[in-house]
2 protein chains.
Amino acid sequence: MDRLMQSIKMDINEKLYVKDPESSTLGKKIVEQGILLIYEIGFECFTFKKLGARIGSNESSIYRYFENKHKFLLYLASWYWGWTEYKLVFATHSISDRNEKLKKALEILAQTVEEDKSFTHVNEVVLNKIVISEYSKSYLTKEVDNENKEGYFTIYKRLVDRLSEMIAAVDPEYPYPLSLSSMVMEGTLHQFFLQEHFPALTSCNDKVTPAEYFVDLIFRTLKTKPNG
Amino acid sequence: MDRLMQSIKMDINEKLYVKDPESSTLGKKIVEQGILLIYEIGFECFTFKKLGARIGSNESSIYRYFENKHKFLLYLASWYWGWTEYKLVFATHSISDRNEKLKKALEILAQTVEEDKSFTHVNEVVLNKIVISEYSKSYLTKEVDNENKEGYFTIYKRLVDRLSEMIAAVDPEYPYPLSLSSMVMEGTLHQFFLQEHFPALTSCNDKVTPAEYFVDLIFRTLKTKPNG
DNA sequence: ATAATATGATAGTAATACTATTAGTTTTGC
DNA sequence: GCAAAACTAATAGTATTACTATCATATTAT
């Protein structure tokens with residue numbers, strides 16, 4: 001990635017914040033340290049008060065950026081999926097072979113995240129860990145349907161759609177491309193989680209990555225055709 | 001199921017409750033109405049105070065059965081997975097054909113839940129909906145590792161293991177039976193959730209059930225051999 | 001009939017998830 | 001260089017949550 005993305009700004013739904021955190025030092029600090037704090041103490045124990053104390057700022061100041069911690073999580077998730085989408089598009093764009101393209105996409109989606117120096121205030125490695133253990137909580141709520149209408153999950157949905165299209169391109173006869181795609185997106189996070197907390201429930205380990213498992217699974221499932 | 005299970009009691013980890021809710025009328029009422037209340041207002045908004053008000057009882061009385069709502073959720077989940085395990089074992093026990101056995105197992109795990117009159121105080125249909133939208137929250141916490149050690153997820157893990165064994169029986173060469181199994185268990189809940197809240201992200205609908213999708217997926221993935 | 005147990009009612013605490021107000025500090029526009 | 005505008009910090013306050021403790025009352029067991 002390197003410098004390529006330095007001038008790019010994530011296109012995040014404006015309703016997710018009160019004031020754009022990218023617009024000030026304090027805002028960036030909130031995002032930067034918020035990620036670390038959620039990672040350290042978990043989303044349930046995370047409060048704006050604690051974050052304020054950590055960054056030597058005030059609870060009320062944070063409320064001027066985010067309505068509440070739920071919106072903050074949605075914001076971080078959007079950031080993460082926007083970043084992932086960028087990586088996906090960038091890496092697959094120039095691949096014309098449909099099978100190779102899908103394989104690459106799966107690898108991007110299921111790979112272990114590495115640090116990206118393009119965004120100084122976001123630690124992508126830690127953000128990825130948050131997404132693994134907290135993302136589900138952002139949609140498993142009574143407000144999903146409304147928040148979905150508000151477009152809070154747009155980027156994620158677009159990703160599922162992109163992958164689904166690549167699946168359909170490889171095997172247009174396959175009847176369930178959307179389910180396969182959404183299963184990969186969710187299943188990837190789940191396999192990473194199991195690897196860390198329930199190793200007895202996954203075949204992934206030091207030697208087998210979720211990416212390998214999913215690439216194998218998808219290509220067993222689809223009937224690939226030669227490109228033409 | 002019918003009467004068969006009327007004398008059977010779920011074998012739930014004793015540390016999940018302070019006093020066994022099966023041992024009294026109030027206890028059963030807590031479970032029965034707790035399920036309905038969580039379904040109605042969601043786990044985040046659910047409190048013992050509200051449940052007390054609903055059953056015409058007192059907050060403090062409920063605390064005599066469950067330490068907190070998190071343990072209550074773990075209890076309900078254990079009940080659900082115990083019930084599912086029973087159905088699974090019962091339905092597959094007598095099937096000798098390995099392929100048929102696995103197919104049946106997948107159907108049990110991914111089928112839409114129907115009412116079971118065996119347990120009068122538990123509405124399995126509603127409990128299934130709770131599991132779909134709340135189960136992940138029971139393990140996506142900072143305390144997972146400890147709670148796992150305490151055995152709070154034993155039944156679920158046993159189920160993943162059972163399915164994994166059936167997968168391995170069908171195709172002993174398949175390298176990732178555990179991941180496939182845990183993916184099915186989690187993916188099933190997820191596909192049901194998507195069907196309800198993000199229909200654009202799933203191929204499941206009125207005509208295609210998650211069970212069909214997963215049966216198809218697993219049998220595309222595995223190399224089946226004739227039994228012998 | 002008495003003791004033991006279960007439940008109910010009330011009160012109290014610390015923390016959470018905010019909102020409102022005010023005051024001070026920086027930034028900017030001219 | 002100065003005033004206005006914007007931003008941040010500090011404090012206080014509210015309703016709710018997630019409990020714990022105590023005591024009274026009701027039920028059941030012996």
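Lettering of chains follows the sequences in order, A, B, ..., and the numbering in each one begins at 1. Values in this document were obtained by computation on a predicted structure and should not be read as measured data.
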B:Phe46 CZ to D:dC19 C1', in whole Å, measures 14 Å
Whether A:Lys142 engages the ring of B:Tyr39 as a cation-pi pair (distance to the six-membered ring centre under 6.0 angstrom, angle to the ring normal within 45°) should be assessed.
yes
In numerical order, the residues of residues 33-42 of chain B whose heavy atoms come under 4.0 Å of DNA chain D are none
May I ask you to test the A:Val144-B:Phe193 pair for a side-chain heavy-atom distance under 4.5 Å?
yes
Find every protein N or O atom lying less than 3.5 Å from an N or O atom of nucleotides 24-30 of chain D, and list the pairs.
none

Query raised in the report: What class does the angle between the rings of A:Tyr139 and A:Tyr135 fall in, given that below 30° is parallel, 30 to 60° is tilted and above 60° is perpendicular?
Result: perpendicular
Kindly determine whether A:Lys207 and A:Glu212 satisfy salt bridge (Lys or Arg N to Asp or Glu O under 4.0 Å), including the steps that lead there. CA-CA 10 Å; A:Lys207 276 151 201 153; A:Glu212 284 175 66; over 6 Å; no
Between the OG atom in B:Ser203 and the CG atom in A:Leu178, the distance rounded to the nearest 0.5 Å is 4.5 Å
Rounded to whole Å, the NZ-C1' distance (A:Lys29 to D:dT8) equals 12 Å
*Relative to B:Phe198, does A:Lys157 satisfy both conditions: NZ or CZ under 6.0 angstrom from the six-membered ring centre, and within 45 degrees of the ring's axis?*
no
From NZ of A:Lys50 across to C1' of C:dC18 the rounded distance in Å is 15 Å
Taken to the nearest whole Å, CG/B:Leu26 to P/C:dT5 is 18 Å
Given 3.5 Å as the limit, does a donor-acceptor pair link the side chain of B:Lys104 with the main chain of B:Ala91, or not?
no
When rounded to whole Å, the CG to C1' distance for the pair B:Leu51 and D:dA18 reads 14 Å
The correct set of residues in residues 58-70 of chain A placing a heavy atom under 4.0 Å from DNA chain D is A:Asn58, A:Ser60, A:Ser61, A:Arg64, A:Tyr65
Which is it for B:Lys87 and B:Glu124 under the salt bridge (Lys or Arg N to Asp or Glu O under 4.0 Å) test, yes or no, and what are the steps along the way? CA-CA 12 Å; B:Lys87 286 195 296 178; B:Glu124 292 83 9; over 6 Å; no
B:Phe48 atom CZ is separated from C:dG8 atom P, nearest whole Å, by 15 Å
TODO: Check whether any side-chain N or O of A:Lys49 sits under 4.0 Å from OP1 or OP2 of C:dT16, and answer yes or no.
DONE: no
If only side-chain N and O atoms count, and only distance matters, is there a donor-acceptor pair under 3.5 Å linking A:Gln191 with B:Ser182?
yes
(message) With a 4.0 Å cutoff (strictly under), does any side-chain N or O of B:Lys19 reach OP1 or OP2 of C:dT7?
(response) yes
Rounded to whole Å, CD of B:Glu44 lies from C1' of D:dA18 at a distance of 15 Å
Self-check item: Minimum side-chain heavy-atom gap A:Arg162-A:Leu88 below 4.5 Å
Solution: yes
| Do you see a donor-acceptor pair shorter than 3.5 Å between the side chains of B:Thr202 and B:Tyr213? | no
